[in-house]
Number of protein chains: 2
Amino acid sequence: MERKTPTIQDVARFANVSTATVSRALSSPEKVSEGTRARVSEAVRVTGYTLNQAGRSLRQRSAKTILVALPDIRNPFFSSILDAIEREAAARGYGVLVLNLYFGHETIRRLQDFLLSNRADGLLLLDGSVDTNLLQALAGQADAIPIVVACEEIPNSGFHTVLTDNVDAAERATQHLIDLGHRRIGHLLGPDHNVVSRERFTGFARALAASGLAPVPEWSFRGNFDMESGFSAAARFLSMTERPTAIFAANDESAIGFLSGLRQHGIICPRDISVVGFDDLGVAPHYVPPLTTMRQPREALGRMAAEALIDIVEDPDALGIPLRIVLRSELVVRESTARIARGGTNKAGADTPSS
Amino acid sequence: MERKTPTIQDVARFANVSTATVSRALSSPEKVSEGTRARVSEAVRVTGYTLNQAGRSLRQRSAKTILVALPDIRNPFFSSILDAIEREAAARGYGVLVLNLYFGHETIRRLQDFLLSNRADGLLLLDGSVDTNLLQALAGQADAIPIVVACEEIPNSGFHTVLTDNVDAAERATQHLIDLGHRRIGHLLGPDHNVVSRERFTGFARALAASGLAPVPEWSFRGNFDMESGFSAAARFLSMTERPTAIFAANDESAIGFLSGLRQHGIICPRDISVVGFDDLGVAPHYVPPLTTMRQPREALGRMAAEALIDIVEDPDALGIPLRIVLRSELVVRESTARIARGGTNKAGADTPSS
DNA sequence: ATTAGTTATGCAATCGATTACACGCGGCCG
DNA sequence: CGGCCGCGTGTAATCGATTGCATAACTAAT
């Protein structure tokens with residue numbers, strides 16, 4: 001009973017044709033006569049044949065697989081993008097390999113390996129902080145490896161890019177706070193080295209400038225995109241005597257951590273402080289209070305990035321110039337932001353509102 | 001400048017040895033002399049050789065890749081398990097293919113394809129609701145495909161399984177509510193057909209029974225593991241005249257949706273109701289109120305499942321009998337549960353105003 | 001010195017599918 | 001009638017790496 005998985009040879013034998021014909025019948029049916037086609041289908045059915053992808057990959061030098069490299073799968077922001085990517089890839093017959101990109105050379109080596117070893121046909125990179133030289137070496141060769149960078153921009157790299165309008169969105173988020181009457185506005189930063197962090201800060205500063213304000217260095221809280229860092233920032237906030245009345249947080253997770261920290265000391269949002277986040281995570285509408293936030297079109301972003309990558313994989317000349325798609329984020333107003341209180345309740349000492 | 005990626009042939013030519021020797025130098029160094037080994041390394045360095053995985057896979061019939069199939073990548077519970085799996089796999093030199101298992105035959109077909117086409121060496125299944133027949137066909141053949149089921153049990157299937165103690169954990173969660181003096185305890189269910197849902201309900205009922213109580217059918221709210229379903233359940237809760245004083249929710253997400261729905265109508269947790277969740281998501285400690293919940297050892301679960309699968313892939317006879325690992329969940333008490341209010345009969349209409 | 005054993009290496013087959021090229025056959029056109 | 005074209009098919013080379021078997025060069029043992 002030692003049956004091996006059937007190969008194209010078995011099918012050929014059964015259908016009484018050559019392996020070449022079987023191959024053609026399966027991948028370009030129009031090249032084969034109707035009768036033969038039927039015999040081959042039947043033979044496939046009977047033998048239970050399935051393609052051996054390794055054989056095909058070897059010959060065609062393509063793996064029908066894309067590699068998605070991201071800084072943290074656990075982050076719900078990335079995981080929903082990954083979801084969209086997987087859907088799109090599946091629809092086009094591609095598999096998705098995921099690679100956690102902690103940091104350091106080790107993982108870069110692995111990334112390179114995956115690509116060079118013909119396990120993946122292209123790279124979808126969801127992290128802007130990867131060594132550019134290395135990537136360009138990969139992308140610049142004669143048989144260049146298709147790369148699409150999504151979410152985070154790698155400046156001047158010339159890679160195809162799909163991202164959201166971080167600067168502009170941050171500006172609008174901050175403007176929302178200004179529109180509500182806030183003048184003392186702080187920012188909960190993202191990680192230092194991160195491009196997205198910087199863009200959001202830029203948009204923040206730009207909105208302030210447009211209203212004749214300037215960022216107060218004290219009110220830029222260190223953060224890291226995660227809840228813990230928001231929580232720690234709250235401690236610093238609480239220790240200050242001159243506090244902002246509103247905060248633009250670099251993302252929802254840190255906003256939540258921040259609010260959670262404040263709440264433990266009786267600072268209530270939006271009564272005492274307004275907070276606007278970024279991302280519109282699933283929990284945002286169900287948090288207490290429901291979070292005002294910039295909604296990034298995550299599904300679209302993932303889908304379009306995957307689409308573009310596969311287009312290039314299938315026809316390297318498809319795109320003349322580097323692609324650059326910018327998707328617009330949308331402000332979702334909920335309950336974590338409110339018009340500034342009239343009498344300026346927000347005192348930690350004897351501070352007067354600037355109005 | 002039309003350089004192709006170098007092959008083992010190029011290395012062999014450069015090092016003045018045969019391809020066989022190069023292959024051996026790279027994968028079993030102890031079989032070649034020291035001098036040759038050095039020449040080969042040098043040649044590899046100079047030519048910039050990297051292995052072509054397709055070639056190796058074809059010959060060795062192994063892809064150095066595992067397939068992880070899950071119902072929803074976006075779900076933070078799964079994404080952190082996926083993270084752990086990826087880490088373990090990476091450490092052992094394996095790649096990870098992910099497959100979203102929406103439902104229906106189409107995806108099952110894809111799953112089968114991946115396995116049969118030699119793109120993956122084994123399957124890590126994070127979903128108990130897959131057609132068992134098909135899986136057993138895959139697993140039962142002469143050259144069986146290694147399968148490990150994690151998170152969700154497939155009863156009587158004989159698959160290797162790694163999971164958490166759902167029944168027992170649910171019992172302890174409910175017991176916690178009983179210990180706080182609650183007697184009128186409801187349950188926010190998971191999806192109907194789901195094994196895990198049922199196990200958690202079983203544990204719930206068991207805890208009640210141990211205290212001489214029984215589940216009140218009215219107080220078992222339909223749910224779906226997601227926030228929306230928790231939110232809807234809240235509406236039903238609000239419409240009832242006889243309400244439970246505590247709820248055991250099938251998971252944190254639905255607990256959050258439920259609390260969010262209640263809050264909109266002034267029902268405050270834990271003052272008016274106690275809620276215990278399941279999973280200990282990242283947001284749990286930062287929710288308002290911080291959630292009491294059963295922490296599942298997600299990282300351990302993912303890691304151990306991956307470990308077991310790869311063990312089997314590398315040595316199919318490694319395990320004599322079907323593996324079955326059960327990990328213990330841990331109750332994390334936070335602020336969403338409280339001792340029942342003294343006179344608190346919790347009747348609708350008799351609500352104390354919230355502010 | 002002969003034999004046996006060990007070590008290092010090469011030769012060539014092999015994994016499974018694809019595809020360039022060649023061939024045979026029938027129809028069509030000049 | 002002869003040449004050309006196109007269709008359907010088969011033959012065999014090919015993709016890149018691994019590995020069973022053979023061989024050669026030494027060492028050790030008798």
*Give a yes/no answer on whether the side chain of R61(A) brings an N or O atom under 4.0 Å of OP1 or OP2 in dC15(D).*
no

*Tell me whether the OP1 or OP2 atom of dC15(D) has a side-chain N or O from Q9(B) closer than 4.0 Å.*
no

*Kindly compute the distance separating OG1 (T5(B)) from CG (L115(A)), expressed to the nearest 0.5 Å.*
12.0 Å

*With respect to the phosphate group of dA17(D), does any side-chain polar atom (N or O) of Y49(B) fall under 4.0 Å of OP1 or OP2?*
yes

*asked:* How many whole angstroms separate atom NZ of K31(B) from atom C1' of dT7(C)?
replied: 12 Å

_Closest contact, heavy atoms only, S18(A) versus A12(A)_ = C-CB, 3.8 Å

*Could you check how far CD1 of I8(B) sits from P of dT19(D), rounded to whole Å?*
11 Å

_Need one value for T50(A): base, sugar-phosphate or nothing, where a base atom within 4.0 Å counts as base even if backbone is also close, heavy atoms only._
sugar-phosphate

_Does a side-chain N or O of Q60(A) approach OP1 or OP2 of dT19(C) to a distance below 4.0 Å, or not?_
yes

_From C-beta outward on N52(B), which listed nucleotide comes closest to its side chain: dA8(C), dA17(D), dT19(C)?_
dA17(D)

*Find the distance between OG (S23(A)) and CZ (R59(A)) and round it off to the nearest 0.5 Å.*
9.5 Å

*Looking at dT9(C), dT18(C), dC15(D), which one has an atom nearest to any side-chain atom of T21(B)?*
dT9(C)

*Indicate, with a heavy-atom threshold strictly under 4.0 Å, whether V17(A) touches base, sugar-phosphate, or nothing.*
sugar-phosphate

*asked:* So, taking the atom named CG in L309(A) and the one named CG in L123(A), what distance separates them when rounded to the nearest 0.5 Å?
replied: 7.5 Å

*Side-chain heavy-atom pair L125(B), L101(B) within 4.5 angstrom cut-off*: yes

*Starting from C1' on dA8(C), measure out to CG on N16(B) and report it in whole angstrom.*
15 Å

_Looking only at the side chain of S23(B) (C-beta and beyond, no hydrogens), which of the listed nucleotides dA8(C), dG8(D), dT19(D) gets closest?_
dT19(D)

*Can you tell me how far the CG atom of L70(B) sits from the CG atom of L99(B), to the nearest 0.5 Å?*
8.0 Å

_What contact category does T36(A) fall into here, base, sugar-phosphate, or nothing, at under 4.0 angstrom with non-hydrogen atoms?_
sugar-phosphate

*So which nucleotide from dT18(D), dG16(C), dT9(C) ends up closest to the side chain of L58(A)?*
dG16(C)

*Send over the distance from L116(B) CG to dG16(C) P, rounded to a whole Å.*
13 Å

_Distance in angstrom units between N118(A) CG and dG16(D) P, rounded_ = 9 Å

_Would you say that T7(B) contacts N52(B) through its side chain, given a criterion of any heavy-atom pair below 4.5 Å between the two side chains?_
no

*On DNA chain D, nearest-nucleotide positions of R39(A) versus G55(B): which is more 5'?*
R39(A)

*Could you tell me the separation between the CG atom of L26(B) and the P atom of dT19(D), rounded to a whole number of Å?*
13 Å

*Can you spot which of V68(B), I310(B), V149(B) makes a side-chain contact (heavy atoms from CB on, under 4.5 Å) with L124(B)?*
V68(B)

_To the nearest 0.5 Å, what is the distance between CG on D127(B) and CD on E152(B)?_
5.0 Å

What's touching nucleotides 12-14 of chain D from the protein side, N or O pairs under 3.5 Å?
from    : atom 1 : to     : atom 2 : distance (Å)
dT14(D) : O2     : R59(A) : NH1    : 2.8

*Report which part of the nucleic acid S28(A) touches: base, sugar-phosphate, or nothing (heavy-atom distance under 4.0 Å, all strands).*
nothing

*Just to confirm, is there a sub-4.0 Å distance from OP1 or OP2 of dT9(D) to any side-chain nitrogen or oxygen of S33(A)?*
yes

*Could you check which of dG20(D), dG10(D), dA17(D) has an atom nearest any side-chain atom of R24(B)?*
dG20(D)

*Whole-Å distance separating the CZ atom of R13(A) from the P atom of dG16(C)*: 12 Å

*Of the candidate nucleotides dT11(D), dC15(D), dG10(C), which contains the atom at the shortest distance from the side chain of S18(A)?*
dT11(D)

*Quantified as the angle between the terminal helix axes (five pairs each), what is the overall bend of the helix from dA1(C)-dT30(D) to dG30(C)-dC1(D) to 10 degrees?*
50°

*To the nearest 0.5 angstrom, please state how far the CG atom of N118(B) sits from the OG atom of S57(B).*
6.5 Å

*Given T36(A), which of T21(A), N16(A), V22(A) fulfils the side-chain contact (heavy atoms from CB on, under 4.5 Å) condition?*
T21(A)

_Between C1' of dT9(C) and CZ of R37(B), the distance in whole Å_ = 14 Å

